[in-house]
*Asks:* 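Got a structure for you, questions after.
Note that the structure is predicted; figures quoted are calculated from it, not measured.
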Amino acid sequence: ITYAAIYKIARLYCSKVFSCILVLTSAMLLADYFKHGNLTEEYAMPFIGVSLYIFLDFLISQKTNAFRLFLCGFGFGAVMMLRPNMISVWFVFCTAVLTDCLRRRLFLDLLIYLRFFLAGACIITIPIIIWLAHRHALSAFIEQYFLFNFLYSSTGMGASLSTKLACVLTFLNPFVYSSQLLTITAIISCVFLSLKRERFLYGVYAMYLL
């Protein structure tokens, strides 16, 4: 599913052959991240990939429908239940869609988008929350899943801003993580393209990568 989403994203601009090359390239790079697999990030990738395609297709060609919005919301809910610090794609691109709709004064459309998106998110999150409450595990879930996760990422009680910056620079260091050279190249490319064409789209994508 992830590879299919990558292919669809590539096809927004590239030919079929070049899109296939990009998918194969992405597949080879994943080995550096997943090791033996079966990681939380691996399960989140299909939802992230599909939602990213839906967002990009909307910003590029304004294509959307109820099913796509529902699917995007479902993906958000799924990743929220898997790992909340991996929802950057929805945080950045939902803000971008909101900005785009307000800029074009599509207020009614925005409400429709929100309705189907929330429906998709609720259909996966509410049953899980009900199950946790039924098992008397909801308070433990909130404490461990949200409070603990935010604890080590907060400047007041966890890492300082300088420590966070050092961490980011370490993970972006291509000498430490060879695959990050591609990440750096992608960010620089998006910033460069945002100055040349489709400033809003590439600017948003650069923010997402960061």
*Asks:* If you count heavy atoms of other groups shown closer than 6.0 angstrom to CZ of Arg103, is the number above 12?
*Replies:* yes
*Asks:* If you look at every heavy atom in Glu143 and Leu147, which pair is closest and at what distance?
*Replies:*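 Between these two residues, the closest heavy atoms are O-CB, 3.3 Å.
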*Asks:* Look at the side chain of Arg11 and the backbone N and O of Cys14, then say whether any donor-acceptor pair between them is shorter than 3.5 Å.
*Replies:* yes
*Asks:* Considering non-hydrogen atoms only, spot the tightest contact between Tyr145 and Met80 and give its length.
*Replies:* OH-O, 2.8 Å
*Asks:* Check for me, please, whether Ile129 and Trp131 land in the same ILVMFWY cluster - side-chain distances under 4.5 Å, paths through other members count.
*Replies:* yes
*Asks:* Test of understanding: clusters of I, L, V, M, F, W, Y form through side-chain heavy atoms closer than 4.5 Å, transitively. Do Met81 and Ile130 belong to the same one?
*Replies:* no
*Asks:* Before giving the answer on salt bridge (charged side-chain N to carboxylate O under 4.0 Å, His left out), spell out for Arg104 and Asp109 the whole-Å C-alpha distance, their side-chain angles and the decisive distance to 0.1 Å.
*Replies:* CA-CA 10 Å; Arg104 295 189 292 125; Asp109 289 355; over 6 Å; no
*Asks:* When rounded to the nearest 0.5 angstrom, what is the spacing between CZ in Phe192 and OH in Tyr202?
*Replies:*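 Reported value, rounded in 0.5 Å steps: 11.0 Å.
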*Asks:* Determine, step by step, whether Thr99 and Phe200 satisfy the side-chain contact (heavy atoms from CB on, under 4.5 Å) criterion, reporting the C-alpha distance in whole Å, the side-chain angles of both residues, the deciding distance to 0.1 Å, and the verdict.
*Replies:* CA-CA 10 Å; Thr99 303; Phe200 182 73; 4.2 Å; yes
*Asks:* List the steps and the verdict of side-chain contact (heavy atoms from CB on, under 4.5 Å) for Tyr13 and Ile60.
*Replies:* CA-CA 10 Å; Tyr13 281 110; Ile60 292 170; 3.6 Å; yes
*Asks:* Evaluate Tyr113 against Phe117 for ring pair (Phe, Tyr, Trp, His ring centres under 6.0 Å), listing each step before the verdict.
*Replies:* CA-CA 6 Å; Tyr113 297 162; Phe117 180 88; over 10 Å; no
*Asks:* I need the Leu210 CG to Ser88 OG distance, nearest 0.5 Å.
*Replies:* 10.5 Å
*Asks:* Give the cluster check for Phe91 versus Leu98: same hydrophobic cluster or not, with ILVMFWY residues linked at side-chain heavy-atom distances below 4.5 Å.
*Replies:* no
*Asks:* How close do Cys190 and Leu209 get, counting heavy atoms only, and between which atoms?
*Replies:*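 In this case the closest contact between Cys190 and Leu209 is SG-CD1, 4.1 Å.
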*Asks:* Quick one: pull up CD1 in Ile124 and CZ in Phe47 and give me the separation to the nearest 0.5 Å.
*Replies:* 5.5 Å
*Asks:* Can you give me the closest heavy-atom contact between Leu59 and Ala96, atom names plus distance?
*Replies:*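 Closest approach of Leu59 to Ala96, heavy atoms only: CD1-CB, 4.4 Å.
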*Asks:* Looking at every heavy atom in both Phe76 and Ala121, which two are closest together, and how far apart are they?
*Replies:* CD2-CB, 4.0 Å
*Asks:* If you group Ile, Leu, Val, Met, Phe, Trp and Tyr by side-chain heavy-atom gaps below 4.5 Å, do Ile9 and Met86 land in one group?
*Replies:*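 Cluster IDs for Ile9 and Met86 match.
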*Asks:* Evaluate ring pair (Phe, Tyr, Trp, His ring centres under 6.0 Å) for Tyr208 paired with Tyr205, printing each intermediate quantity in order.
*Replies:* CA-CA 5 Å; Tyr208 164 55; Tyr205 207 93; 5.6 Å; yes
*Asks:* Report the distance from atom CD1 of Ile54 to atom CG of Leu71, rounding to the nearest 0.5 Å.
*Replies:* 4.5 Å
*Asks:* Roughly how far apart are Tyr53 OH and Tyr7 OH, rounded to 0.5 Å?
*Replies:* 11.0 Å
*Asks:* Once rounded to the nearest 0.5 Å, what's the spacing between atom CG of Leu138 and atom CD1 of Ile128?
*Replies:*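 Answer rounded to 0.5 Å: 12.0 Å.
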*Asks:* Is there a side-chain contact (heavy atoms from CB on, under 4.5 Å) between Leu56 and Leu201? Walk through the geometry before answering.
*Replies:* CA-CA 8 Å; Leu56 290 172; Leu201 174 65; 3.8 Å; yes
*Asks:* Check the surroundings of atom CZ in Phe18: do more than 12 heavy atoms from other residues, nucleotides or ligands lie under 6.0 Å from it?
*Replies:*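 12 or below, so no.
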*Asks:* So if you build clusters from Ile, Leu, Val, Met, Phe, Trp, Tyr with side-chain heavy-atom gaps below 4.5 Å, do Ile1 and Leu24 land together?
*Replies:* no
*Asks:* Give the minimum heavy-atom separation between Trp90 and Gly75, together with the two atoms involved.
*Replies:* CZ2-C, 3.4 Å
